[in-house]
Amino acid sequence: QIVRSTTPPTENNKKKEKLFNNIKNECLSLIDGLIKESNDDDIDGLKAIKEQITNKLFCNESLVGDIAKLLEIRDILKEK
């Protein structure tokens with residue numbers, strides 16, 4: 001999703017936060033699916049990752065890095 005430079009800052013932040021939350025929620029959904037299918041050995045690790053992602057809040061200053069990490073996690077989870 002592209003954010004235009006002519007859009008007011010508050011609207012830009014809302015769009016950025018929505019994008020961040022969409023990716024975050026996708027990761028959490030993938031983890032939930034893996035938890036249901038996993039054996040006991042993997043569940044603790046998945047729950048720890050889920051907790052870290054759940055606690056991650058939108059921050060405009062670290063947005064690019066945060067989204068990059070979430071996308072990387074999402075891609076790894078999709079491969080499992």
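Keep in mind that the numbers below use all heavy atoms, side chains included, and drop hydrogens, waters and symmetry copies.
Between the CD1 atom in Ile49 and the CD1 atom in Ile31 there is a gap of 6.0 Å [rounded to 0.5 Å]. How far CG of Asn25 is from CG of Leu30: 11.0 Å, rounded to the nearest 0.5 Å. Ile43 contributes atom CD1, which lies 11.0 Å from atom CD of Glu37 (distance to the nearest 0.5 angstrom). Between Lys80 atom NZ and Asp75 atom CG the span is 13.0 Å, to the nearest 0.5 Å. If you take NZ on Lys14 and CG on Asn21, they are separated by 13.5 Å, rounding to the nearest 0.5 Å. Expressed to the nearest 0.5 Å, how far CG of Asn22 lies from CG of Leu70 amounts to 11.5 Å.
Counting heavy atoms from C-beta on, the side chains of Lys50 and Asp32 come closer than 4.5 Å. Residues Asn13 and Glu17 form no side-chain contact, since every pair of their non-hydrogen atoms from C-beta on lies 4.5 Å or further apart.
Heavy-atom minimum distance, Lys16 versus Phe58: C-CE1, 3.7 Å. Leu46 approaches Ser38 most closely through the heavy-atom pair CD1-OG, 3.4 Å. Here the closest non-hydrogen pair linking Cys27 and Ile73 is SG-CG2, 4.3 Å.
No salt bridge links Glu51 with Lys47; every basic N to acidic carboxylate O contact stays at or beyond 4.0 Å.
In terms of modelled atom types and a separation under 3.5 Å, the side chain of Lys24 and the main chain of Thr54 share a donor-acceptor contact. Using modelled atom types, one side-chain atom of Asn39 and one backbone atom of Asp42 make a donor-acceptor pair closer than 3.5 Å.
No continuous path of ILVMFWY side-chain contacts below 4.5 Å connects Ile76 to Ile53, so the two sit in separate hydrophobic clusters. In the hydrophobic cluster analysis, where Ile, Leu, Val, Met, Phe, Trp and Tyr join through side-chain heavy atoms closer than 4.5 angstrom, Leu63 is grouped apart from Leu57.
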